[in-house]
Asker: 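The structure follows.
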Number of protein chains: 4
Amino acid sequence: MSAAPVIATAPSGLAYRVADLALAEAGRHQIRLAEHEMPGLMALRREYAQVQPLAGARIAGSLHMTVQTAVLIETLVALGADVRWASCNIFSTQDEAAAAVVVGRPETGGTPDDPRGTPVFAWKGESLAEYWECTEAILAWPSASDGTGGPTLILDDGGDATMLVHSGVRYEAAGAVPSDPRPGEPGYSEEHLVVLDVLRRSLAADPQRWTRIASAIGGVSEETTTGVHRLYQLAAAKELLFPAINVNDSVTKSKFDNRYGIRHSLPDGLNRATDVLIGGKVAFVAGYGDVGKGAAESLRGQGARVVVAEVDPICALQAAMDGFQVVRLEDVVGEADFFITTTGNFDVIRVEHMAAMKDKAIVGNIGHFDNEIDMAGLAAVPGIVRTEIKPQVHEWTFPAGAPGGEGDDAERGERSIIVLSEGRLLNLGNATGHPSFVMSNSFANQVIAQIELHTSDAYENEVYRLPKILDEKVARLHLDALGVELTELTKEQADYIDVDVAGPYKPDHYRY
Amino acid sequence: MSAAPVIATAPSGLAYRVADLALAEAGRHQIRLAEHEMPGLMALRREYAQVQPLAGARIAGSLHMTVQTAVLIETLVALGADVRWASCNIFSTQDEAAAAVVVGRPETGGTPDDPRGTPVFAWKGESLAEYWECTEAILAWPSASDGTGGPTLILDDGGDATMLVHSGVRYEAAGAVPSDPRPGEPGYSEEHLVVLDVLRRSLAADPQRWTRIASAIGGVSEETTTGVHRLYQLAAAKELLFPAINVNDSVTKSKFDNRYGIRHSLPDGLNRATDVLIGGKVAFVAGYGDVGKGAAESLRGQGARVVVAEVDPICALQAAMDGFQVVRLEDVVGEADFFITTTGNFDVIRVEHMAAMKDKAIVGNIGHFDNEIDMAGLAAVPGIVRTEIKPQVHEWTFPAGAPGGEGDDAERGERSIIVLSEGRLLNLGNATGHPSFVMSNSFANQVIAQIELHTSDAYENEVYRLPKILDEKVARLHLDALGVELTELTKEQADYIDVDVAGPYKPDHYRY
Amino acid sequence: MSAAPVIATAPSGLAYRVADLALAEAGRHQIRLAEHEMPGLMALRREYAQVQPLAGARIAGSLHMTVQTAVLIETLVALGADVRWASCNIFSTQDEAAAAVVVGRPETGGTPDDPRGTPVFAWKGESLAEYWECTEAILAWPSASDGTGGPTLILDDGGDATMLVHSGVRYEAAGAVPSDPRPGEPGYSEEHLVVLDVLRRSLAADPQRWTRIASAIGGVSEETTTGVHRLYQLAAAKELLFPAINVNDSVTKSKFDNRYGIRHSLPDGLNRATDVLIGGKVAFVAGYGDVGKGAAESLRGQGARVVVAEVDPICALQAAMDGFQVVRLEDVVGEADFFITTTGNFDVIRVEHMAAMKDKAIVGNIGHFDNEIDMAGLAAVPGIVRTEIKPQVHEWTFPAGAPGGEGDDAERGERSIIVLSEGRLLNLGNATGHPSFVMSNSFANQVIAQIELHTSDAYENEVYRLPKILDEKVARLHLDALGVELTELTKEQADYIDVDVAGPYKPDHYRY
Amino acid sequence: MSAAPVIATAPSGLAYRVADLALAEAGRHQIRLAEHEMPGLMALRREYAQVQPLAGARIAGSLHMTVQTAVLIETLVALGADVRWASCNIFSTQDEAAAAVVVGRPETGGTPDDPRGTPVFAWKGESLAEYWECTEAILAWPSASDGTGGPTLILDDGGDATMLVHSGVRYEAAGAVPSDPRPGEPGYSEEHLVVLDVLRRSLAADPQRWTRIASAIGGVSEETTTGVHRLYQLAAAKELLFPAINVNDSVTKSKFDNRYGIRHSLPDGLNRATDVLIGGKVAFVAGYGDVGKGAAESLRGQGARVVVAEVDPICALQAAMDGFQVVRLEDVVGEADFFITTTGNFDVIRVEHMAAMKDKAIVGNIGHFDNEIDMAGLAAVPGIVRTEIKPQVHEWTFPAGAPGGEGDDAERGERSIIVLSEGRLLNLGNATGHPSFVMSNSFANQVIAQIELHTSDAYENEVYRLPKILDEKVARLHLDALGVELTELTKEQADYIDVDVAGPYKPDHYRY
């Protein structure tokens, strides 16, 4: 554990402390404003204040420890849960939010020295080793009344907490953690070695710990495409150890977070990073899924000419019908001013593309990991120079003579491109991610999924989506804040289309 | 029935003939231009010219007999099918298209006296009796080599042909057609009596005819929400007699036809009907499904201020996030200039709403049947006067003193509203329906569905949607015409997201 | 000339009569609906009903004789004027509107045999000779109490009536009409010969007729850019015989009629002419003035990808900042699906462009005369075939081998383009022109200009624009109909920005 | 002069110094990136590198000392001018930009101890006394070869430098500076007393100093509406001492800076200040001039529902035709989420409005001075509490019981609103103002105006706008950077519309 100031209550073993009361107070202030923009979560607090549907639940949460997540955590607590939290990304913690959650809501009278909030194991800028220690820490529950020492539920983003449990169980069954792969071998990565090390120490200390923990877990709700993908793979292999709810594919998540969240946060990130005019420029958007649709809409709304690349003919046809030119990157690489990736794939912008761009072209990713843009390839260009303009904004200068573009490439002179957030998600790195209102939709799904998993016995070890009626409920919770006046079906009208007056209103395959 | 079925002009006795070579030539001209706008169908013709995948198929088609449908029919024929056609609406036939299809493609050398095209049983302005005689006629196949006297496939729009077969089989099993319901009894309608009459005569002539016909039918592909709804009901009741493919819910149908088709044809219908400025006006749109989305987008694109009503909280939230005020009809009824229904429900605009509208408000339906607007209630207002401005455009004048609006209603003076297409679909009634390019998507799905049903044994008596790979194929066929340059995944990229390079690219629940 | 001038059906001998009471009644119906959409004119009627500011005025009007113009004419009459009317275009008369105006408003009790309306000399499809006879007829006022035999005011569109008076005066001063130019000589055109002939006959009959008429004319108000251009030339040459008001450059004309009128009527014209999908297509718009702005907005609103050509760098920069690609026609000629001209110049689309277009490209003009597209050049292509698809829609088929496009042109096969309205204004030719609400703005300016000219002595023989306060008044008259709630400045706020509470609110050079 | 670090070379009297080389280097970095986005200025540098049209000019500049202004200053120097610079706002200086300008371009080899750039008298956070000393300093030119001790040109933003010269001359003519007004008297303000003090000291030292300085000034170019307003007042009173060019009303300034600049910087400011979702919310925009148009477009582009207030009926009609509801503030004050002022007037949002807003409503000004929102009234509400969320973002909490809204106001509970930038321009206060590309247009006008004033004798002591051909030139300089391909008129086409092939292309009253 680093000596740097950290934030948390004091669990056994790890000496966490709140660095700073002022930090907690600043966080509390932001949480108060965010609560106003998260009507879904606040409505759930009101609805379930008496019922306490999460009473008895022990929730281990692994999700970016931001101000919005603070509102989520305090909602889970308000519904009766016992909660421990880590971030799912080494950079994404907002320390003031973490501090405020740890100290606790004002009415508890907590202080840094006597925190009365929720244990949080997260700070901005963790090392990989610290990150996995934190993840391990949220899954440890010394006080668990059932003696398992673990949580009853996981709330996951990306699947790291779920993966740690599954790997632990697997290696405990095998009796040993496999030896480290070597560089170049399949599965080798710096992070993987850290995980193996964590588990190796765990097996040494307690060879049934993860098996015991897993036995008490009633389910996981997962936030992201990537995490959901892992879950479907586990389920297909019959290796899923507990039920899973795919929150990612709720309409009120995928069609709101992905689309409207990006519409907000893409130009925000571009502006904070570069202050460069968007209007009148050519913006290339790779991908026209929900994220790409939000990206294209926002850039057009700023007066850019947006061109789109797609591999899926249906999405490509949608882009065309929405008035966007659909191109291959190669065809516009020397013409565009902005290059935005939204695909969730890798190597979408490769180094030969970057070499062929206009001087001062701006390149950013808002889709997925930092391999969507080939940052490694870029760094490996002979003679290239990386200059930090400001944090998360770098100018990469190709030396004169570096090939690129058409014709006799060797003739091309010195030029540079601007890369945002080192290829990681620019809305998080250069701005503040999605706004609270959008997250209120996603997180209301999470809360409802946790209630489902905690209160129902109907779920098998499979991956489920939330029933449509709950998806509709999440939407319903956000209407008042936008002044929406909903029309109500008459009984006759409901009968006419074979639905209940109270919904759900559409077949499952409806696409919105 | 004439030996060489041709288009009817003299319905009595069903003496069909092509009225006019000039009519057929005008239709041929339009078909030639439409072919240029239906690249999906033309690509299927090219792809399957040699294979003849529909060889041996006898297709009974019941779908609006328009120029676009002519291109569909001739595509089916080009793929080897034997075809007979009726319209699915008494008003929607374009006679010149029907005439051209009957005479046949130019290279056949057909003439009105020696038609060499496809039998069409449809003309603009059929009576109900004529309509059902025509429907019966397409299901009769005297020359069928298997001796069943019927088709091997149905291509249906709204489900009338399918319903006739199912009812025929049911009554044949029962040994009798039920007696006519009386006015006020369940199931009573003028049209129902006609159907019963048709079947009563059929049973009298041949008590196993429909059972024999049904036995030869390998499946039906259905175009619409309403028809699909009937099919799911039959399947749920285990009464479906052959496999069904739900074409309506292909992405390239529902998200294109419903949305982009309406975007085109709604303002077109309003303009042709009224010539009234849309810009600057307030337009009320009931429903924010795919049709409502297209409607709202098109009206905004003309500068109207669009307000939306919804019952589904998810769609309502989408409307709000797209920048539309979401209201109840009651709240804006005295303020809007246009009222457009897109819901697929009934009694959406009721007579008390119409009484409260501004003088000269324009009311039209683009969603469903003519009961979406309460036309019967309107006609029953004491003292109301209906004036035809031009065909399909009527001014309904409320007498002075008729209640309506707020306050002392009795004070309200004479005023009128304009109702389009008598409450029926205004894009068909006041304009020419969806443009060819959009229909090329829908109809390419139909052709592919027919090929599937004809060539595969894998289908049970259930309702299927087309596999995603075929949906993607339909999209792919339309890209060149729009100048779309599709990007191709590398093998590594495809592996990374667990798909095949050639698709399909998305999970089934993906919403686009 | 008949004693009671009525609408002509039999042009030989100018024996005018109302053809048909049913025609007049149909026109009256449309006029009644149009009145509802022309709140500016109706407000002027109410405001000036008592004052009768045009009492004593004799107004000769030369402007498209449409339903909207009928409302204009009856407004002028309601304000006290004596009026005679011709159309300014041989094709643009709506005969039913003309008939209704001639018969007169219902309260007058006029009939076709005893018309009590306003003399109209116009019908759809005049010959050039007839056209100029009609123009001559509105300038003849046998009953004029001042003995001049002419009008006191001209209301002009394009300047033909004004030109006829000026030419007549010039030739009377010279004592003779010049001899006809010969083909190839400057000034030669078929139409010019007709004008010379009219004047030659006039001088023979009365060598001071035009001089006497001109002496009584108190001014002209002009509707169009083209007509205004002529007036500025006359004024610059000190040859203007009476004051002129440039209505064209009122904000409420140029920024509304040109922009919002086109936004409405361009897609309307395209749809009625071709029924071809606009969404997803590439639309080329030549010119980004007010007309071009409206055109581009409307096509984008339908989902097209719009590319713009401009010669003016300021307008080009605006187009780019509005998100449109700015190209030269040459660069996209083989790629666009629609080609729309809005420039007011000539030879904008030339025959070599049309030869290089895609098969079935659609070409239309919404800017100016039919020379904006080189129709003459098109007709002169060897082997080209013109086919009428329907009135005002023609397919021009280039023979195989006709050069066009890139590479070895001679290889290019047979292909065709669709030309709308034979190159004339497609919104008038293929649809019904601008909607009434837009024309209400333009025509309210006309009425106010006529009042100014009739009641003020302050105008010299120069070209004036209406004062801003009147422009604001015209806008004000249209706000209620759109539900606009105007904010009122406090006295202190008005003082703060040096304006009057009642306006005008902006300096003259303000651009809106 | 404060002891705080300041920036400048060392003019006599004021001891300026560059605080920090690192600051200058950071500034140089930003200047280099800004040059890439200011193609107009860079093109002027290239065009005039040899000609040196500003050789001999001594330019005193008073305009926000930002990175963009640095590019302007260095352009003036590159064209031969001797320059001195101050900011026109006590807060707007970017210290790093000032430092870099002072040190000088890299090729000069300047250092903080041996600066070789341009004297800059500006830093972020000046006192009023310091501000006016700086303004005085740019007008002092000890080295002037003509012995006048002053500049030959002024480049002004808001008119402070011009006002100082005019007041100095007036008081020198009168022989004395008037005595200070007292609080409550006309003209009293803290700032006015500072100005009088500066001039009083000047007259004491040299009673003809300003008269002498004015005699050498060949003109001023003015950037803003407010400054231009002052100039027109001076000209009308025949008191203008030298020619003035109104840069503000160049099309490429007012229609680009005001509209497209705001479109970019309004959402940017809102996002950086609040991180609150814009989509789906109701945004009230006061004013629909160029700034309001840009504001409304940008908020709609983010998915907000925008409602507009206007006093000018023409602009109100435009807003309606563009699809915006036009309301009075009173009508939506309890409903909107964002309130944005763009009017250039005062008291547009008053304290009673703010008291009636929803809890957490966001209020910002992007139009004019901080009196557009009644900040003084807000601060005077009894019991109100102001909390700083972060710099330039304040929450103002109304105590429970403070009146507001409809009904029994006293019942209204505690609630708060968020006010941005203390009512000053939020795009400057909460973001970084307009982007460089937009300012390149405005500043290219400034450079061209300075060249005009320096090289032409044709200007009288009046206020001029730049000739249209120069406005077009500014636009032309920005086309390449946006990939615009301009079309060129043929000679015949130019003749046809009576313009030169090279422009100008429009009459002066054209509105774009």
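We name chains A, B, ... by the order of the sequence lines, and we start the count at 1 in each one.
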Asker: For D/Ala26, is it the side chain, the backbone, both or neither that has a heavy atom under 4.5 Å from a heavy atom of chain A?
Answerer: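 For D/Ala26, no heavy atom lies under 4.5 Å from chain A.
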Asker: List the residues meeting side chain to side chain donor-acceptor pair (under 3.5 Å) with A/Gln302, not counting sequence neighbours, and say none if there are none.
Answerer: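 Scan of A/Gln302 (side chain to side chain donor-acceptor pair (under 3.5 Å), adjacent residues dropped) gives none.
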Asker: Going by an N to O cut-off under 4.0 Å, is there a salt bridge joining A/Lys358 and D/Asp480?
Answerer: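 Salt bridge flag = no for D/Asp480 with A/Lys358.
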Asker: Please assess A/Val67 against D/Asp275 for the test side chain to side chain contact (heavy atoms under 4.5 Å, CB included), listing each intermediate value before the final yes or no.
Answerer: CA-CA 11 Å; A/Val67 168; D/Asp275 285 316; over 6 Å; no
Asker: At a 4.5 Å cut-off on heavy atoms, which part of D/Gln30 comes close to chain A: side chain, backbone, both, or neither?
Answerer: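 Neither part.
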Asker: Considering only heavy atoms, which portion of D/Leu270 lies under 4.5 Å from any heavy atom of chain A: side chain, backbone, both, or neither?
Answerer: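 D/Leu270 has no heavy atom closer than 4.5 Å to chain A.
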Asker: Find the distance between CG (D/Asp337) and CZ (A/Phe437) and round it off to the nearest 0.5 Å.
Answerer: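 Separation between the atoms: 9.0 Å.
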Asker: What residue among A/Leu277, A/Thr274, A/Ile278, A/Asn271 forms side chain to side chain contact (heavy atoms under 4.5 Å, CB included) with D/Pro435?
Answerer: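 Answer after filtering A/Leu277, A/Thr274, A/Ile278, A/Asn271: A/Leu277.
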Asker: For D/Thr387, is it the side chain, the backbone, both, or neither that has a heavy atom closer than 4.5 Å to a heavy atom of chain A?
Answerer: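 Only the side chain of D/Thr387 comes within 4.5 Å of chain A.
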Asker: I'd like to know if A/Glu35 and D/Lys360 make a salt bridge, using a cut-off of under 4.0 Å between side-chain N and carboxylate O.
Answerer: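 A salt bridge is absent here (no side-chain N lies under 4.0 Å from a carboxylate O).
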Asker: Say you draw a straight line from CD1 of D/Ile389 to CG of A/Leu33; how long is it, rounded to the nearest 0.5 Å?
Answerer: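 Here the interatomic distance stands at 4.5 Å.
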Asker: Restricting to side chain to side chain donor-acceptor pair (under 3.5 Å), what partner residues turn up for A/Lys255, sequence neighbours left out?
Answerer: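 Testing A/Lys255 for side chain to side chain donor-acceptor pair (under 3.5 Å), a comparison that skips the adjacent residues, returns none.
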Asker: Looking at every non-hydrogen atom in both residues, tell me the closest pair between D/Val276 and A/His264 and how far apart they are.
Answerer: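 In terms of heavy atoms, the two residues are closest at O-CE1, 3.1 Å.
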Asker: A/Val282 vs D/Leu482, test: side chain to side chain contact (heavy atoms under 4.5 Å, CB included). Steps then yes/no.
Answerer: CA-CA 8 Å; A/Val282 178; D/Leu482 300 182; over 6 Å; no
Asker: Mind checking whether A/Arg32 and D/Glu395 have side chains closer than 4.5 Å, heavy atoms only?
Answerer: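 SC-SC contact between A/Arg32 and D/Glu395 confirmed.
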Asker: Is the side chain of A/Arg272 donor-acceptor paired with the backbone N or O of D/Ala431 at a distance under 3.5 Å, no angle test?
Answerer: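 No: the side chain of A/Arg272 does not pair with the backbone of D/Ala431.
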Asker: Which one wins on heavy-atom pair count under 4.5 Å against chain D: A/Gly280, A/Gly279, A/Gly294?
Answerer: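 Going by pairs under 4.5 Å, I would pick A/Gly280.
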Asker: Name the member of D/Val438, D/Asp359, D/Leu299 that forms the most heavy-atom pairs with chain A at distances under 4.5 Å.
Answerer: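 Greatest number of close heavy-atom pairs with chain A: D/Asp359.
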